[in-house]
Each structure stands twice: as C-alpha cells, then as structure tokens.
Amino acid sequence: MYKKLFLITYCLISIFVYPQQIDISKIDNYLEEARKEWESPGMAVCIVMNDSVILSKGYGTISAGSKVKVNADTKFGIASLTKAFTSAAIAILVDEKKLKWDDKVIDYVPYFRLYDDYVTQNTTIRDILSHRTGLATFSGDLIWYASKYNSQEIIEHARYLKPVHGFREKYGYSNIMYLVAGEIIKAVSGKTWEEFIKEKIFDKLGMKDSNTSITLQKNEKNVAQPHAKVDGLMVPISYVNWDNIAPAGAINSTVNDMAKWIIFQLNKGKWKDEQIISEKQMREMHLPQTIDNVSLFSEALMPSKHFNSYCLGWESFDFYGYKIVAHSGGLDGMVCQLFLIPEIKTGGVILTNSATTLPYACMYQLIEYFIGNPQQNDWSKTYLNYYKNYEEYMKEKEAEAMRMRNKDKMPTLSIQDYAGLYSGNVYGACIIEYKNNQLHLKLAHTPTMYGALEHWEGDVFRIKLKEHPSLPYGTVTFFLDENKQRVMSLQINIPNPDFDFTELDFNKIK
C-alpha cells in the first residue's frame, strides 16, 4: 500500500513539475518569428529547467545592417535587472551580520536626505529596496541620466524631489534609491559596489563575461548595439554611460552568464556546493514588500493576474495560479526581461537590442508554455497590436497638436529677452542661448541634452533633443511676471514614459 501511495505521489509531483513535454524547436521557432515581427535587430534568450539550460541562443544580429550574428555570449545591457544583484549584495552583508534590512539608511549614508525630515530619519534599507519612500516612479532620473553628476551629488539633489505619496503608502519606482543602496554597500564592506558585485557574485558564479560598466567592454566585438526607432526604422544609437547610477542598472551580461544567475536564484542561494546567500535571505528578497496595483490594462489582458508587488530587487505576481518572480530592464535602445517560476524550478531571460515590449510578450508566452496553460495565447501578436496602436495614437496626438497650434500668436517679448541662465534645486543650471537668430537650450550638467528652440505659439517653443532620438518633440514654456515685461522661469515638457521633465524647476537668475 505504501509503495502504491509513494508511486501516486511521485507521479503527481512529476506532473506538477513537468506540465508538458518540452519541444525546444517549437519555442525556438516562436522566438525567431516574434523577433522578426517586432523588427528587433537582435535578441538572446536562455531558459533553465531543474538546473539544466535547455535553451541558450542568439537571434538576429548585433546591429541593424550588420552580418555579425547574436550568440549566447553576446553582451547586452541588462539595465534594471542589476537591482537584484544590488539586493543580493545587501543580503550577503545581512548574512554576515554587518547590517539588517530594517537599519536606518542615514546611519550608513550621512548625506542622505529626502524632502521630509521625518522620512529622512526613518527610511530603512528595506524601504529603498522596495520603492516605498513616497517618490513618484522615475522621479529624479534626469539628475543622473547622461549627466556629469557623481553618486554623492545625485543623492544630495534627491532632497529636493517632492513626494507624490505618503511615506510607505504606495509604490514609486526609484533608481536613485538603489544608488543609495550601493553607497551603503561601500560604507559597510569597504569595497565599491563594482568591486563587491564582481568578487561576491560574478566570480563566485563564474559569470566571467559580465561587467559593471560599458567602459570595460569598449574594445570587445561581441557586444549588441542599442537601437531606436526613427522614422519607422531601427537605427543604431550610442550607449549612455550609467556609471554614476551603477547599482540601479549598469550591469552588462550574456544569456550564458544569466543562466547561472537564474540557476542560483532557483536553488535558493546555492551554487554548486556553496550556499552563497542563506535560504532565509533569498526568501526575504522574493517576498512581496510593497503592493503595486494591477492596472486596468493588465486586468483586461490577463484576467488570471490578481496581484502585483515589489519585493527586494524583484517583482512578483500571480499568473494562472503560479507565483512568478520577475524583473524588467530598459535603457536607451535595449529592453530585457527575466522571470522565475519557483514551483516548477524554471526560469528564463530575454535580452533585446531594441526599445520595445517584445521581451514582455516572450516572457508571458514562455510562462504559459511551461505551466501548460490551455489557452495558447499568442502574446507576441497581442502585444504587437497594442504597440502599433500606441504608435498610431502618438502620431494622432502630434497631428492634433499641429492643428490646435496658434502659430500667429507671437512671443510677448523680443527673442533675445528669453536668453539667460536659469537654475533650480532639483537639477541645477539650464542655459538658454541666443545665436544665429534662434534660441538654443542646454542642460548644463548633461552634455547631450541640448537643442534649438523653434517658436510654437506665444511664449511656447518647440524642442527636439537630437542626441536622444528615442525622445519625442517637446515644448519649452516661458513664464513672465505680472506686467509681462520680463521672464521669470521656464518649464520643459517632453512627454515620454521614462523621464519627467516637468519636475525640473528652472528660475531665471541672470
């Protein structure tokens, strides 16, 4: 009887762990077709099941127009997948009893300040790693993005960012808070974040082709090139250096290396015979910490998804009854997605050299495949349809703006009167120059952010930051005093999902 019971239990476990027979060729064909549909120049994917890499492969080429094929050792920027490495570094220090998740940040980083003194004094390491300080998502990213500010200067500017939520009230994704975590690692360990990650994680796992800065790969050839869509075509663009925000997103890696990271995660912190991070701390990192509501869009698209949450360097959500631990990453011209299905010890990562939602679509397709979902959705086509609709929507908005424009409404003052030095607490200096009968804007601490101003209507001018082709046209509005005799301030508005230009306060000072 016991043998029968054991056999039944074994069969049930086997069915649970292996929902269906794996057809690698089917997955392989789907991924390549999806890449082509999305017009992504290149992509690399790895899939892990029960400690085995069942797929690790490149698709397409490292750059549009190139004949060099992507392979499993091609480097991509993994952007915010870096955050899980930063959280893991903190976990190692927790295991070493050098700090605790709920220690106060200011005890380790004395120049850490937020808008509210109470929040400054009470923010914990757990708070900054789970995005619940009250800041809006991506708030302050223009302080560090492509700028000359160093880590300490970025953190010091964060005190001027106005919160949009109460402390620990709601989720607000913050890159700057992960920079703060990197400074904590340095203060406690005596090693820079870069040194700690290499020694304690890369070297331990044998991730020999991973690095923490694009400067470390400038002479390498097997590196994917980022792309932006310009006039309907994928165009190669330059990498933006993320060294000043490294703990939030500076790692570059390959799918072969990321397969090791996935195996390490699925094995609860154990690599081969060494428990690098305790099971207790691995569990802590994968547990929900901050609730992030399921959007109406996701609710309509995925009725089986009931919760979203942020953990410590990871996200988690449910999908057809399974807990998914995941994270996305995006930088200029590259988007990636990593996922874990702990219950069936399966995970994967999708790296692309285009700025689209292709990796998300591939993730859901792969998850459905491995959990044996009978619905058999085609997530690539579903997401692509929404993506194309969004592109059309943006074109219509642009056309509507052109129709609504009153170009006969002239500037209140002479053009030269708008020129001058502007400054604000959040960012610093903005320069408006008058040359060749035209105004030009320059963000003083970000060399690539400049552009000519074209008069739009009244005291509003149009701008395009040509060094950042992924950003659309925006506006620069000048505000005058009550008597309409002199300029008092300006506001930049470039609508996009990543950067809030409107939170930069610029008052004319010269």
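In what follows, every heavy atom counts, from backbone to side chain, and hydrogens, waters and symmetry copies are set aside.
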Tell me which pairs pass ring-ring contact (aromatic ring centres under 6.0 Å, His included) where either residue lies in residues 25-59, with sequence neighbours left out.
Trp38-Tyr387
Looking at residues at least two apart in the chain, or sitting in another chain, which of them share a ring pair (Phe, Tyr, Trp, His ring centres under 6.0 Å) with Tyr149?
His157, His445
Would you check if there is a donor-acceptor pair between the side chains of Ser80 and Lys83 at a distance under 3.5 Å?
yes
Quick one: closest heavy-atom pair of Ser354 and Ser40, and the distance?
OG-OG, 2.8 Å
Distance in Å, Thr346 OG1 paired with Ile367 CD1, rounded so as to fall on 0.5 Å steps:
10.5 Å
With side chains defined as the heavy atoms from C-beta onward, is the minimum distance between Ile22 and Met49 less than 4.5 Å?
yes
Got a second to check how far Leu114's CG is from Leu135's CG, nearest 0.5 Å?
6.0 Å
Residues Leu81 and His327: closest non-hydrogen pair is CD2-O, 3.1 Å
Which value, rounded to the nearest 0.5 Å, describes the distance between Ile276 atom CD1 and Trp271 atom CH2?
8.5 Å
Under the 3.5 angstrom rule, does the side chain of Lys200 hit a backbone N or O of Ala89 as a donor-acceptor pair?
no
Would you confirm whether Thr61, through its side chain, and Ser63, through its main-chain N or O, come within 3.5 Å as a donor-acceptor pair?
yes
Under 30°, 30 to 60°, or over 60°: which ring-plane class applies to Trp314 and Trp261, parallel, tilted or perpendicular?
parallel
Show your working on side chain to side chain donor-acceptor pair (under 3.5 Å) between Asp23 and Ser25 and close with a plain yes or no.
CA-CA 6 Å; Asp23 185 345; Ser25 63; 2.6 Å; yes
Check whether any side-chain heavy atom of Gln365 lies under 4.5 Å from a side-chain heavy atom of Leu31, and answer yes or no.
no
List in chain and number order the residues that pass ring pair (Phe, Tyr, Trp, His ring centres under 6.0 Å) with His131, two or more places apart in sequence or in another chain; answer none if no residue qualifies.
Tyr171, Tyr173, Tyr178, Tyr310
Please check if the number of heavy atoms outside Lys170 that lie under 6.0 Å from its NZ is greater than 12.
no
Do side-chain atoms of Ser130 reach the backbone of Arg126 as a donor and acceptor pair under 3.5 angstrom?
yes
Checking Ser189 side chain against Lys191 main chain: does a donor-acceptor pair fall under 3.5 Å?
yes
Is a donor from one side chain sitting under 3.5 angstrom from an acceptor on the other, for Trp101 and Gln281?
yes
Validation row: Asp257, Phe202 side chains within 4.5 angstrom (heavy atoms)
no
If every non-hydrogen atom of Val53 is compared with every non-hydrogen atom of Ile263, which pair is closest and at what distance?
CG2-CD1, 4.4 Å
May I ask you to check whether Asn150 and Asn244 show a side-chain donor-acceptor distance below 3.5 Å?
no
Could you tell me whether Lys323 and Glu343 make a salt bridge, using a distance below 4.0 angstrom between a side-chain N and a carboxylate O?
no
Answer yes or no: is there a donor N or O on one side and an acceptor on the other, between the side chain of Ser147 and the main chain of Trp144, under 3.5 Å?
yes
Can we say Glu220 and Lys75 salt-bridge, meaning some charged N sits less than 4.0 Å from an Asp/Glu carboxylate O?
yes
Give me the atom names and distance for the closest heavy-atom approach of Asn353 to Gly42.
OD1-N, 2.7 Å
Any ion pair linking Glu392 and Lys395 (charged N to carboxylate O, less than 4.0 Å)?
yes
Which residues pass the ring pair (Phe, Tyr, Trp, His ring centres under 6.0 Å) test with Tyr393, sequence neighbours left out?
none
Does Thr352 reach the main-chain N or O of Val335 with its side chain, forming a donor-acceptor pair under 3.5 Å?
yes
Parallel, tilted or perpendicular for Tyr383 and Trp379, by the 30°/60° rule?
tilted
May I ask you to decide if Ile494's main-chain N or O and Asn496's side chain share a donor-acceptor pair within less than 3.5 Å?
yes
For the residue pair Leu129 and Met177, establish whether any side-chain heavy-atom pair is separated by less than 4.5 Å.
no
On a heavy-atom basis, which atom in Tyr427 and which in Ile143 lie closest, and how many Å separate them?
CD1-CA, 4.4 Å
All side-chain hydrogen bond (donor to acceptor under 3.5 Å, both in side chains) counterparts of Glu32, not counting sequence neighbours
Arg35
For residues Tyr364 and Glu368, determine if any side-chain heavy atom of one lies less than 4.5 Å from a side-chain heavy atom of the other.
no
Say whether Gln289 and Ser309, considering side chains only, have a donor N or O and an acceptor N or O under 3.5 Å apart.
no
Ser304 and Phe319, any side-chain heavy atoms less than 4.5 Å apart:
yes
No-hydrogen, no-angle side-chain donor-acceptor test under 3.5 Å, Glu299 and His306
no
Check the side chains of Gln217 and Asn211 for a donor-acceptor pair under 3.5 angstrom, ignoring hydrogens and angles.
yes
Can we say Asp28 and Lys57 salt-bridge, meaning some charged N sits less than 4.0 Å from an Asp/Glu carboxylate O?
yes
Pair Asn222-Asn71, side-chain donor/acceptor within less than 3.5 Å
yes
What's the separation between atom CD in Glu183 and atom OG1 in Thr192, rounded to the nearest 0.5 Å?
10.0 Å
Could you walk me through whether Asp51 and Asn267 satisfy the side chain to side chain donor-acceptor pair (under 3.5 Å) test, starting with their C-alpha distance in whole Å, then the side-chain angles of each, then the deciding distance to 0.1 Å, before giving a yes or no?
CA-CA 8 Å; Asp51 299 342; Asn267 279 314; 2.8 Å; yes
For Lys186, does the NZ atom sit with more than 12 other heavy atoms under 6.0 Å from it, leaving out its own atoms?
no
Residues passing the salt bridge (Lys or Arg N to Asp or Glu O under 4.0 Å) test with Asp203, sequence neighbours excluded, are Lys198
Heavy-atom side-chain proximity of Lys229 to Val235 below 4.5 angstrom:
no
Working to the nearest 0.5 angstrom, can you tell me the gap between Cys362 SG and Ile47 CD1?
9.5 Å
Spacing of Phe112 atom CZ and Ile155 atom CD1 [to the nearest 0.5 Å]:
8.5 Å
Using modelled atom types only, decide if a donor and an acceptor are shared between the side chain of Gln225 and the backbone of Ile237 within a distance under 3.5 Å.
yes
Could you check if a side-chain atom of Ile463 sits within less than 4.5 angstrom of a side-chain atom of Tyr473, using non-hydrogen atoms only?
no
Where does the angle between the aromatic ring planes of Phe499 and Tyr145 fall among parallel (under 30°), tilted (30 to 60°) and perpendicular (over 60°)?
tilted
Candidate pair Asp127 and Thr133, rule side chain to side chain donor-acceptor pair (under 3.5 Å), full reasoning:
CA-CA 6 Å; Asp127 292 327; Thr133 61; over 6 Å; no
Within the side chain of Ser213, is there an N or O that forms a donor-acceptor pair under 3.5 Å with the backbone of Asp243?
no
Show the numbers, then the answer: is there a side chain to side chain donor-acceptor pair (under 3.5 Å) between Asp500 and Thr502?
CA-CA 5 Å; Asp500 182 8; Thr502 64; 2.4 Å; yes
Establish, from distance only, whether the side-chain atoms of Asn493 and Thr475 form a donor-acceptor pair under 3.5 Å.
no
Might you confirm whether atom NZ of Lys204 has over 12 heavy atoms from other residues, nucleotides or ligands at distances under 6.0 Å?
no
Taking all non-hydrogen atoms of both residues, which atom of Ile262 and which atom of Cys46 are closest, and how far apart?
CD1-SG, 4.0 Å
